[in-house]
Amino acid sequence: MIHQIQLYNTLTRKKEIFEPLNAPHVGMYVCGPTVYSDVHLGNCRTFLSFDLIFRYLKYSGFKVRYVRNITDAGHLEGDRDEGDDKFAKRAKLEQLEPMEIVQKYTLGFHDVMRMFNALPPSIEPTATGHIIEQIEMIKTIMANGYAYEVDGTIYFDVEKYSAAYNYTILTNRNLEDMLANTRELGGQDDKHGRLDFALWIKAKPETLMQWASPWGMGFPGWHIECSAMSAKYLGQEFDIHGGGMDLAATHHTNEIAQSEACSRHQPAKYWMHTNMLTVNGTRMSKSKGNGFLPGELFTGNHPLLNKGYSPMTVKFFMFQAHYRSTLDFSNEALEASEKGFKRLMNAVSLLPKLVANEEGTIQIDGLKENCINAMNDDFNSPVVIAELFEATRIINTVYDGTAKINAAELDKLKTLVNDFVFEVFGLKDEESSNTELNEVLDMVIALRKEAKENKDYAISDQIRIGLQNIGIQLKDSKEGTTWSKN
RNA sequence: GGUCGAGUGGCCGAGAGGCUUAGGCACAGCUCUGCAAAAGCUGCUACAGCGGUUCGAAUCCGCUCUCGACCUCCA
C-alpha cells in the first residue's frame, strides 16, 4: 500500500502532496556529518529525523535510495576560502594524518547511529572518494559561464547566476540587501562578487590534502561535493533533499545554484529541513560549546545532567516533538520521556502474554489509521506517540483482567506495535536483552513467591527491598511478578 | 538592520475557526494489594497582551511585548 503523504517543502514554504518523480522509487539525499570531531546530539537529531522519514517511506511501500554523505575534505574554517580545512587543522592538533581524523570520527559516528538503532543509508559516499566527479562538475559550470578562475582557485559567479535563476529561492531573502550587507563584512580574497563562493581552492605547498586538477593542485569547496554526489547516485533531478535548517541559507542555497548552473534545473523537488535542538532556548552548536556528546548523555557525565539516559530514551524524547519544531533539552524533559518510554516498553513486553477471549470488550478503533494519518501529515511523530499510549492503556487493562480482547482485536494491537514501535520508529527494548539476568531473576522471583505463600513477609520484603537497592523494581500482579530496571 | 519562525496548563509538547479531556511527566484522591511498586479510574486544564473579523477564535487579521534561528563555520 502506498500512502498519500504530505510534507513541508522549504522551496514553497507549505505542505505539499508527495509525488515522487518515478514512483514507487524515491531518491533522498541528506547532508551528513563533517567528520573532524564527535557528532553532538543536535547532529543526531537531524539524522534520527531522517531515519524516521526513511523508515516510514519504506513502510509506505516506496523503494527508497537514501544517500547520506560523509564530508571528509574541503570544509574550511570560516569563509575565507584560504588556509587549512577543518581536517588538517584537527590533524595538526591531534598529530595525526587527516585521514586518521576522518576515520576516527566516521567510526564514532557510525557507532552512535548504531546505538540509536538508525538504519544505515543505502549509499554513504565521501567527498574524497568523488574528487573526479567534483572536478567534472566544476568544468561544466565553467563551460556554462557561471564560474571563473583566479590564480588556480575557481569561484562561482552568484550575480551572473542570479540574472537567470533565483539564488534566494530557499530563504526568500532580498539579493540586493544581501549584497549590501556582505559588502561590509570585508574579506581579502579575489572574488569578483562578495556572495561568490569557492568551488575549487588552490593548495599551498604545505596543504595536507590536495589533488591534481585542470587548475593545478587544490581541493574542493564544501558545497560542491553534495551537488556532485547527489547527481551521481540519484540523478540530476531527484525527490527529497534534506538537512538541518542551519544549512539552508548557505550550503543548500549554493548547492541549488551549482546544480542549476550545471544541469539547468532544480536538483530536488522537495527540500526538507529539520529544526534545531536547543539548550536553555539556545541552539546547540559546536562553536558555542554547548553541545552534548552522545556518550556524555548516555553516562550522565555532564555538568547539566543529573543522570544518564539511554539511547532509546533520547530517541523517544526527540520523536515526542515534531521535526520542524525546536526541541529544548533539559533534565526534566528527559526524565519525563524516560518514564513514558518505560511505560510504553513495559506494555509492549506484556503484549505476548495477553490471552484472547471470545467475549472481547475492547475495540481497537482506528488506532493504526490514526498513526498512519499522523505520519502522512508531514511525519507527525508526537501524534503517533499519543496513539501508542492509548494502546499502552489497552494492553494494561487487558493484562490486569479488567477488560477482555478477542483474537482479531489482539492481532490488530500486535500489528500496531510491531509496525510503529519497531518498524517505523526503530525503537527497541533495552532491558530484556540480558538473558542471564532474566534467568537469575526468574529464580529469585520464584523463591520470593514461595516465601509469600508461606506468609514469610520478612524474607519476601528483604528480597524486594534488596533488589530495589540495586536498581531492580519488582511488580506484583495477579498474573505474577515482573520487574524493571530503574 | 534584513529574512523567517515561535510564544499553549507546574514542566515537555501536539493541534489550528466550533465536537481533542491531544499525549507524556508531575501533583491529588480512589481501586487493587500483606506492605511497596506497577496498573487502572477520577481530578487539576491552558492557549503572551490589546484590538478587530465571525453566530463562534488558542486557531484568521492588525498592533504591542518577549524569545529564537538564519544573514559568518555548525545538523
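Quick caveat: nothing in here was measured; it's all calculated off a predicted structure. So that the names make sense, note that chain A is the first sequence line, chain B the second, and so on, each numbered from 1.
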Can any side-chain N or O of [X] pair as donor or acceptor with the backbone N or O of [Y] at less than 3.5 Å?
X       : Y       : value
N290(A) : S285(A) : yes
S325(A) : A321(A) : no
N357(A) : K404(A) : no
E296(A) : L293(A) : yes
D196(A) : G193(A) : yes
N9(A)   : K14(A)  : no
E16(A)  : L7(A)   : no
T207(A) : K204(A) : yes

Using the [atom1] atom in both, what is the distance from [N] to [M], to the nearest Å?
N      : M      : atom1 : result
C41(B) : C25(B) : P     : 12 Å
G18(B) : A36(B) : P     : 46 Å
U54(B) : U59(B) : C1'   : 13 Å
U20(B) : G15(B) : P     : 15 Å
C65(B) : C50(B) : P     : 15 Å
G24(B) : U8(B)  : C1'   : 15 Å
G23(B) : G43(B) : P     : 12 Å
C19(B) : A57(B) : P     : 11 Å

Send over the distance from [X] [atom1] to [N] [atom2], rounded to a whole Å.
X       : N      : atom1 : atom2 : result
F197(A) : C71(B) : CZ    : P     : 15 Å
L354(A) : A39(B) : CG    : P     : 15 Å
Y323(A) : G13(B) : OH    : C1'   : 17 Å
Y36(A)  : A75(B) : OH    : C1'   : 11 Å
Q320(A) : C11(B) : CD    : C1'   : 12 Å
L334(A) : G24(B) : CG    : C1'   : 13 Å
M318(A) : G24(B) : CE    : C1'   : 17 Å

ask   = Think R324(A) forms a cation-pi with Y8(A), using NZ or CZ under 6.0 Å from the six-ring centre and within 45 degrees of its axis?
value =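 Output yes; distance and angle both within limits.
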
Open item on the list: Pick the closest RNA chain B nucleotide for C44(A) and for D400(A) by heavy atoms, then say which residue is nearer the 5' end.
Closed with: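 Checking each residue's closest nucleotide, the 5'-ward one belongs to D400(A).
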
Specify the residue among I394(A) and C31(A) whose closest nucleotide of RNA chain B lies further upstream toward the 5′ end.
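Mapping each residue to its closest nucleotide by heavy atoms, the 5'-most match is I394(A).
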
Exercise. Step by step, would you call H273(A) with H252(A) a ring pair (Phe, Tyr, Trp, His ring centres under 6.0 Å)?
Worked result: CA-CA 10 Å; H273(A) 290 98; H252(A) 291 161; 4.9 Å; yes

Pick out the pairs of N or O atoms, protein on one side and nucleotides 16-21 of chain B on the other, that lie under 3.5 Å.
none

With sugar-phosphate meaning primed atoms plus P, OP1 and OP2, does [X] contact a base, only sugar-phosphate, or nothing at under 4.0 Å between heavy atoms?
X       : value
A386(A) : base
H40(A)  : base
L327(A) : sugar-phosphate
T397(A) : sugar-phosphate
T482(A) : nothing
G291(A) : nothing

Item to complete: Verify the neighbour count for atom CD of Q468(A): are there more than 12 heavy atoms of other residues, nucleotides or ligands below 6.0 Å?
Response: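 Enclosed: over 12 neighbouring heavy atoms sit under 6.0 Å from CD of Q468(A).
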
| Any side-chain N or O of N43(A) under 4.0 Å from OP1/OP2 of A75(B)? |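 N43(A) to A75(B) OP1/OP2: side-chain N or O found under 4.0 Å.
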
For a quick test of reading the model: is some side-chain N or O of N380(A) closer than 4.0 Å to OP1 or OP2 of G15(B)?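 Yes, N380(A) has a side-chain N/O under 4.0 Å of OP1/OP2 on G15(B).
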
Query raised in the report: Hey, where does RNA chain B pair up into stems, meaning at least three consecutive Watson-Crick or G-U pairs with distances under 3.5 Å?
Result: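 Stems (3+ consecutive pairs) listed as B:1-7 with B:65-71, B:10-12 with B:23-25, B:27-31 with B:39-43, B:48-52 with B:60-64.
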
Practice problem: Output the distance between atom CG (L41(A)) and atom CG (D38(A)), rounded to the nearest 0.5 Å. | Solution: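 One finds 12.0 Å between CG of L41(A) and CG of D38(A).
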
Atom pairs, protein N/O to nucleotides 3-6 of chain B N/O, distance under 3.5 Å:
from: U3(B); atom 1: O2'; to: T171(A); atom 2: O; distance (Å): 3.1

5' to 3', nucleotides 25-37 of chain B under a 4.0 Å protein heavy-atom cut-off (B base, S sugar-phosphate only, - none) gives SS-------BBBB

Problem set entry | Members of residues 241-252 of chain A that approach RNA chain B, where some heavy atom sits under 4.0 Å away |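 RNA chain B contact set from residues 241-252 of chain A: G243(A), G244(A), D246(A), L247(A), A249(A), T250(A).
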
Q: Using heavy atoms and a sub-4.0 Å distance, could you list which residues of residues 107-115 of chain A are near RNA chain B? By number, please.
A: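 Those residues: none at all.
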
Salt bridge (Lys or Arg N to Asp or Glu O under 4.0 Å) between K15(A) and D377(A): does it pass, once the steps are laid out? CA-CA 9 Å; K15(A) 282 187 203 169; D377(A) 183 15; 2.8 Å; yes

- Below 4.5 Å, heavy atoms only, C-beta onward: do F109(A) and I70(A) meet side chain to side chain?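 SC-SC contact between F109(A) and I70(A) confirmed.
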
* Asked: Is the shortest heavy-atom distance from the side chain of M115(A) to the side chain of V314(A) under 4.5 Å?
  ->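 Result no, sub-4.5 Å side-chain heavy-atom pair not found.
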
**Asked** After noting the C-alpha distance and the side-chain angles of E94(A) and K104(A), does the key distance pass the salt bridge (Lys or Arg N to Asp or Glu O under 4.0 Å) rule?
**Response** CA-CA 11 Å; E94(A) 297 195 23; K104(A) 177 179 170 184; 3.0 Å; yes

**Item:** Among T46(A), N380(A), D378(A), the one residue meeting side chain to side chain donor-acceptor pair (under 3.5 Å) with Y323(A)
**Value:**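 Checked T46(A), N380(A), D378(A) against Y323(A); only one passes side chain to side chain donor-acceptor pair (under 3.5 Å): D378(A).
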
Tell me, with the steps shown, if F156(A) and Y161(A) meet ring pair (Phe, Tyr, Trp, His ring centres under 6.0 Å). CA-CA 8 Å; F156(A) 188 90; Y161(A) 166 82; 5.5 Å; yes

Applying the side-chain contact (heavy atoms from CB on, under 4.5 Å) test to R448(A), which of I463(A), D456(A), I459(A) qualifies?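 Only one option passes, and that is I463(A).
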
Worksheet item: What orientation do F87(A) and Y36(A) show, parallel under 30°, tilted 30 to 60°, or perpendicular over 60°?
Response: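 Judged by the thresholds at 30° and 60°, the geometry between F87(A) and Y36(A) is perpendicular.
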
Evaluation steps, ring pair (Phe, Tyr, Trp, His ring centres under 6.0 Å), between F292(A) and F329(A)
CA-CA 10 Å; F292(A) 284 68; F329(A) 197 77; 4.7 Å; yes

